[in-house]
Amino acid sequence: MTIQLINASVTFNGVEKVDALKNISLTINKGDSLTIIGPSGSGKTTLLNVIGGMVPLTNGEIFVEKQAIHQLTTSELQKYRRTNIGYIFQDYRLFDQFTVLENIMLPQWPYQSKEKMEEKAKALLKELHISHRETALPASLSGGEKQRVAIGRAILHQPDILLCDEPTGNLDEVNRNNVMDILNMLREQGITIILVTHDHEVAKHGTKKIFIRDGEIV
Ligand code: ADP
Ligand code: MG
């Protein structure tokens, strides 16, 4: 998917006014994977959320494959997120009371037939090497296993874009490499990976890198 931001700005009007993104212009071509590096508070998560259609632009434009995301209605945005976007986080955000298999299927539950979903979920578990934990609850998993379940959940609906917010931040080296191998495999399958990281080893992956500071690309 081609993603293009043109003079994109986000201002949060809370108690204090924060210019989280300032005039960002950026093109991510089909087949690229983008790595975003920058200090805490520089606007990295806000940028992911803009691409994911979760934070609206205050100014500027964002196009995803010719679709003007900044002009979509609420229901069009929901559909955009549901069909195009997968999201993984540093802290996994699994549903504690559900099994591994259920965690992977839950977000798609209202939209797909159970049989079809279960078949896809089981194939994914196999690909992610966690089939043997299918009936386990998240509390009994290692960090690396949790992140693999989170990846499974994020890609069950075959999104075009996978947003990754510090996905290896809580993992040791072995599990970090494991997760990066999976993300590289997904990129080769054609998913656009956009990844935020502090880790310079992780930042070596990806076809395109940007550094942001105080809401600007430097
Ligand atoms: P990073 O992910 O690089 O740490 P963020 O994108 O989370 O940075 O935040 C960028 C700036 O915007 C920070 O100053 C943060 O406090 C502010 N910010 C982020 N989200 C909100 C929000 N929902 N409301 C108000 N300010 C916010
Ligand atoms: Mg952040």
Side-chain angles (χ1 to χ4, degrees), residues 1-91 93 154-155 159-169 179-180 183-184 186-187 190-218:
M1 284 238 149
T2 304
I3 303 168
Q4 189 176 26
L5 287 93
I6 304 168
N7 296 325
S9 299
V10 171
T11 301
F12 292 111
N13 281 305
V15 181
E16 273 175 73
K17 188 167 157 288
V18 180
D19 293 317
L21 294 179
K22 302 169 191 162
N23 266 302
I24 301 274
S25 292
L26 172 69
T27 303
I28 306 158
N29 292 308
K30 205 176 166 70
D32 268 348
S33 63
L34 176 73
T35 306
I36 303 165
I37 309 160
S40 180
S42 59
K44 304 182 298 296
T45 297
T46 304
L47 181 54
L48 283 187
N49 288 338
V50 163
I51 295 169
M54 286 157 286
V55 165
L57 291 180
T58 313
N59 275 301
E61 300 171 297
I62 170 169
F63 297 92
V64 174
E65 209 71 16
K66 303 272 189 310
Q67 189 167 210
I69 305 305
H70 55 287
Q71 290 176 337
L72 298 182
T73 63
T74 307
S75 66
E76 288 167 338
L77 271 177
Q78 276 171 2
K79 180 156 186 250
Y80 165 71
R81 288 194 293 258
R82 201 171 71 225
T83 52
N84 293 285
I85 303 294
Y87 210 134
I88 59 173
F89 308 89
Q90 177 170 353
D91 56 358
R93 305 199 192 174
I155 64 174
D160 305 291
I161 302 169
L162 181 61
L163 304 174
C164 312
D165 200 351
E166 315 242 10
T168 61
V179 164
M180 290 315 296
L183 296 182
N184 286 330
L186 294 174
R187 180 171 52 80
I191 301 185
T192 300
I193 307 278
I194 305 184
L195 177 134
V196 166
T197 188
H198 274 109
D199 182 334
H200 285 275
E201 278 302 312
V202 170
K204 286 180 186 160
H205 296 259
T207 59
K208 184 167 179 158
K209 283 183 207 19
I210 58 167
F211 294 84
I212 62 173
R213 187 178 204 106
D214 290 334
E216 291 177 292
I217 296 179
V218 292

### Task
Taking the side chain as every heavy atom from C-beta outward, state whether Ile69 and Leu77 have any atom pair closer than 4.5 Å.
yes
### Query
Counting only heavy atoms not in Lys208, do more than 12 fall under 6.0 Å of its NZ?
yes
### Message
In the structure I gave you, are the side-chain heavy atoms of Asp160 and Thr192 within less than 4.5 Å of one another anywhere?
### Response
no
### Task
Write down the atom of Gly43, the atom of Ile212, and the distance for their closest heavy-atom approach.
C-CD1, 3.6 Å
### Message
Using only atom types and a distance under 3.5 Å, with no angle test, would you say the side chain of Asp199 pairs donor to acceptor with the backbone of Glu201?
### Response
yes
### Shortest non-hydrogen contact between Tyr80 and Gly53, atoms and distance
CE2-N, 4.0 Å
### Message
Measuring from atom OG1 of Thr11 to atom CG of Asp19, what distance do you get when rounded to the nearest 0.5 angstrom?
### Response
4.0 Å
### Passing candidate, side chain to side chain contact (heavy atoms under 4.5 Å, CB included) with Glu166, options Ile88, Val196, Asp91
Val196
#### Entry: Option among Gln78, Gln67, Arg81 that satisfies the side chain to side chain contact (heavy atoms under 4.5 Å, CB included) test with Leu72
Gln67
### Task
For Ile85 and Pro159, work out which heavy atoms get closest and say how close.
C-CB, 3.6 Å
### Message
Using side-chain heavy atoms (C-beta onward) and a distance below 4.5 Å, is Cys164 in contact with Ile193?
### Response
yes
### Message
Please give me the minimum heavy-atom distance between Gly206 and Ser33, naming the atom from each residue.
### Response
CA-OG, 3.1 Å
#### Entry: From CG (Leu186) to CD1 (Ile155), nearest 0.5 Å
4.5 Å
### Task
With the side chain counted from C-beta on, respond yes when Ile161 and Val64 share a heavy-atom pair under 4.5 Å apart, and no when they do not.
yes
### Between Asn29 and Thr2, a side-chain donor and acceptor under 3.5 Å
no
### Query
Can you find a pair of side-chain heavy atoms, one from Tyr87 and one from Met54, that are under 4.5 Å apart?
yes
## Note on the structure
Interatomic distance, CD1@Ile51 vs CG@Leu5, rounded to 0.5 Å, equals 5.5 Å
### Query
Between atom CE of Met1 and atom NZ of Lys66, what is the distance when rounded to the nearest 0.5 Å?
11.0 Å
### Query
What is the distance from atom CG of Leu21 to atom CG of Asn59, rounded to the nearest 0.5 Å?
11.5 Å
### Query
Do the non-hydrogen side-chain atoms of Met180 and Thr197 ever get within less than 4.5 Å of each other?
no
#### Entry: Donor-acceptor pair, side chain of Lys209 and main chain of Ile37, under 3.5 angstrom
no
## Note on the structure
Closest non-hydrogen atoms of Leu195 and Pro167, given as atom of the first, atom of the second and distance, are CD1-CG, 3.8 Å
### Query
If you round to the nearest 0.5 Å, how far is OG1 of Thr58 from NE2 of His70?
13.0 Å
### Query
Okay, side chain of Lys44, backbone of Ile36: is any donor-acceptor separation there less than 3.5 Å?
no
### Query
Does Ile194 reach the side chain of Leu48, with side-chain heavy atoms less than 4.5 Å apart?
yes
### Query
Tell me, do Glu65 and Asn84 make a side-chain contact under 4.5 Å, heavy atoms counted?
no
### Query
If every non-hydrogen atom of Glu61 is compared with every non-hydrogen atom of Ala8, which pair is closest and at what distance?
O-CB, 4.4 Å
